[in-house]
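Some notes on the structure that comes next.
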There are 2 protein chains.
Amino acid sequence: MVKSDSVTIADVAKRAGVAKSTVSRIINDVPGVKPVTRSKVLQAIEELGFRPNMLARSLKTNMKQQIALAIDDIRNPYYPELAWAVEQVAKENGYRLVLINHYGNAEEELAIIRRMNEMHIDGIIMLSISNPTALKNNINHASVPVCLIGNMGEDVNADMVFLSKTEGLLAMEHLIRIGCSNIAYAGGPKQLHQGTRYEAYDTSLSMNFMKPNSANVYIGTDFSLQTGIQAADYFCSLPELPDGVYAANDMIAIGLIQRLLENKIRVPEDVTVVGVDDISWSTIARPRVSSVSNLTGETGRIAAELLLRRIKEGQTTPLRKVQLEPRLIVRESTVKVTVN
Amino acid sequence: MVKSDSVTIADVAKRAGVAKSTVSRIINDVPGVKPVTRSKVLQAIEELGFRPNMLARSLKTNMKQQIALAIDDIRNPYYPELAWAVEQVAKENGYRLVLINHYGNAEEELAIIRRMNEMHIDGIIMLSISNPTALKNNINHASVPVCLIGNMGEDVNADMVFLSKTEGLLAMEHLIRIGCSNIAYAGGPKQLHQGTRYEAYDTSLSMNFMKPNSANVYIGTDFSLQTGIQAADYFCSLPELPDGVYAANDMIAIGLIQRLLENKIRVPEDVTVVGVDDISWSTIARPRVSSVSNLTGETGRIAAELLLRRIKEGQTTPLRKVQLEPRLIVRESTVKVTVN
DNA sequence: TAATAAAATCGAACCGGTACCATAAAATCT
DNA sequence: AGATTTTATGGTACCGGTTCGATTTTATTA
């Protein structure tokens, strides 16, 4: 906090009896300085405790060594893992991470894209975008590269990494293979990005010659624990209790399972439950929740790598899209010996 | 990504037929510009799509509108809540958040403090410091204000927010009041900051005229789930199973409980367990874990407020220390009807 | 040793804003 | 209307680095 931070490259230059540019060369390891000069300058730097002002450097070079990650809420258990992976890659490449929560608020999302150049960042990774179409145009005119997590289609000027939309199919397939015959779906609003998970329910049933039953579908207001709890209550109120539930995410699955247990319904014996996301809670909750992993860490790593590469390459190379395949992880919420 | 980002304040000035300084005045809402000039300039800004370059501004003003939060690992369930609270306050005040994981690595911690001025930040909040004494001197010479979470003593030039070290006492008191007579402790290394939680075990027992029994103390290698599992195995191997366990944190408590249940030991009927931290998992795990809340969100909020205030005030005002009181939250892992 | 080539260093413009002083324009007062 | 204040705007140095052409120093060659 000592004010002494005012020692500049000019001070060093004067002290060492050289020009500013020479000092600059040395702190940037530019070849072509006589060893004797170098050591003179290094000594001066040492003596004065000089630390280059990165702002000044950035102003000239236009490299800030920072990238942003815009997510909807770090408290959502999916994100810490993602943020961690991104920060890891960033750090390995000498970048820092700016974390932004947009709370799935379309206005905030827009503001982030529009005001990107006001932030000290070289690029941004964004996900959980609630209103993609509204953002597309702005992304295309963004002042720094954008990397999106989630498939936003073709006409967006951004690298992307996303999962095949097979999570739902994997989950459904698992339930069916296990022997469930009366499968239900519990999810949040269909229009949100996770909403597409609903489609797998219908698709998978028809692909397996099972008749969809709209009474077996519970659509809550969000993708939270609370929705799971409400879904459980709803399913319990049905004339026939489903024997398998495909939950749109693990939070819902966990809430659902807990409520079923409270109602003395056994999981997986009476009802089998599979979730999606494989958040860490799924290993903690009892029974442990079978889940389709969306490869969080992998996704973050790849997004960061794509972004950093884009920052280096600029627009010279074509856009890249990386598609990952989700993976089912079987745990106790679906492991049952008997088949109905 | 369009390169057009080169429109500067000079371009606007030329277009509007005024001086740079006038434009600057307008974008900074400095009073004393004729309305007609203002609108002329605003129009030019609009037409050119001008966005001020914050780097240039920061270089002159030395305000970056960014603060950093250095924690050990965002994946640790305690941190998302904290990071969220900090980001909230930051955002409300027009600041962004830079997130740094130091993994409890003393060298990284030191590097963060020493290279602070190379980051684009106006201040930093730091916690989970593994080697406080090594950092003190560097903190005192830091180039931006530091706010510490955790009590680092007197001779540190930093605002602080920390909890009274009564978590342990609260937890122990609860077990004792509930009727436990053979209480055990499960924790991580005693030298780490959470290690002080052990002391409450001894203290509390003697304060209540109960004899500490060193066989009832399990010290693991860290504060993880794994340690809890190992502790459970250890306690089960004792001639007499404890009737209450005070776990140094919730992760340990959760691991411990799960392993006890696997061993057909009921919680809380056979063994009562209380943790510390009140992480969100404690509400998810079954039975829900009674825990002493360390007021995560509150802590983050206050830290951010202290830091921002310090940034505004500079060194003109005395250091501030805020001490919070932990609070016990009773859940199913300790609610039992019968008393042994 | 002088002429030439290569290497090292200097100097100044520049990045894009801010801030302060000087000046011009408008408003107020005799 | 002319002098005096007040208000609005212009001009420019500055923040602390980088960059690149110009210049000096050193090494090479004749």
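Since the structure is predicted, the reported quantities are computational estimates derived from the model, not experimental observations. Naming convention: chains lettered A, B, ... in sequence-line order (proteins, then strands); numbering from 1 in each chain.
- There is a side-chain donor-acceptor pair under 3.5 Å between A:Y79 and A:D72.
- When the C1' atom of D:dC14 is taken as reference, atom CG of A:L59 falls 12 Å away, rounded to whole Å.
- Contact of B:R25 with D:dG10 (side chain to base): a donor-acceptor pair of N or O atoms is detected under 3.5 Å.
- With distances taken from any side-chain atom of A:I9 to the nucleotides D:dG16, C:dT18, D:dG17, the minimum falls on D:dG17.
- Counting atom types as modelled, B:K20 pairs no side-chain N or O with a base atom of D:dG11 as donor and acceptor under 3.5 Å.
- Residue B:L148 holds its CG atom at 8.0 Å from CE of B:M126, rounded to the nearest 0.5 Å.
- A donor N or O paired with an acceptor N or O is not found under 3.5 Å between the base of D:dG16 and the side-chain atoms of A:K60.
- Listed pair B:N62 / D:dC15 fails the phosphate criterion, with no side-chain N or O lying under 4.0 Å from OP1 or OP2.
- The side-chain heavy atoms of A:I74 and B:I74, taken from C-beta on, include a pair separated by under 4.5 Å.
- B:H120 places its NE2 atom 14 Å from the P atom of D:dG16, with the value rounded to the nearest Å.
- In this structure, B:S24 reaches the C:dT18 phosphate: one of its side-chain N or O atoms is under 4.0 Å from OP1 or OP2.
- With rounding to whole Å, A:R57 atom CZ is found 18 Å from C:dG16 atom C1'.
- Rounded to an integer number of Å, the gap from B:I45 CD1 to C:dG17 C1' is 13 Å.
- Going from atom CG of A:D11 over to atom C1' of D:dC15 covers 13 Å, rounded to whole Å.
- A:V18 comes within 4.0 angstrom of sugar-phosphate atoms only, judged by non-hydrogen atoms across all strands, and of no base.
- Taking atom CD1 on B:I26 and atom C1' on D:dG10, their separation rounds to 13 Å, with Å as the unit.
- Proximity of B:N53 to the phosphate of C:dC15: no side-chain N or O atom is located under 4.0 Å from OP1 or OP2.
- The listed nucleotides are C:dC10, C:dG16, D:dT19; the one nearest the side chain of A:T61 is D:dT19.
- Exactly one residue among B:E87, B:H120, B:Q66 makes a side-chain hydrogen bond (donor to acceptor under 3.5 Å, both in side chains) with B:R96. That residue is B:Q66.
- Heavy-atom distances to DNA chain D give each of B:P31 and A:N28 a nearest nucleotide, and the one nearer the 5′ end belongs to B:P31.
- At a threshold of 4.0 angstrom between heavy atoms, the contacts of A:S21 include nucleobase atoms, whether or not backbone atoms are also involved.
- Closest approach to the A:A56 side chain among C:dC10, C:dT18, D:dG17 is made by D:dG17 (side chain taken as heavy atoms from C-beta onward).
- Distance, B:M54 CE to C:dC15 C1': 16 Å, rounded to whole Å.
- With 3.5 Å as the limit, one finds a donor-acceptor pair spanning the side chains of A:R310 and A:T317.
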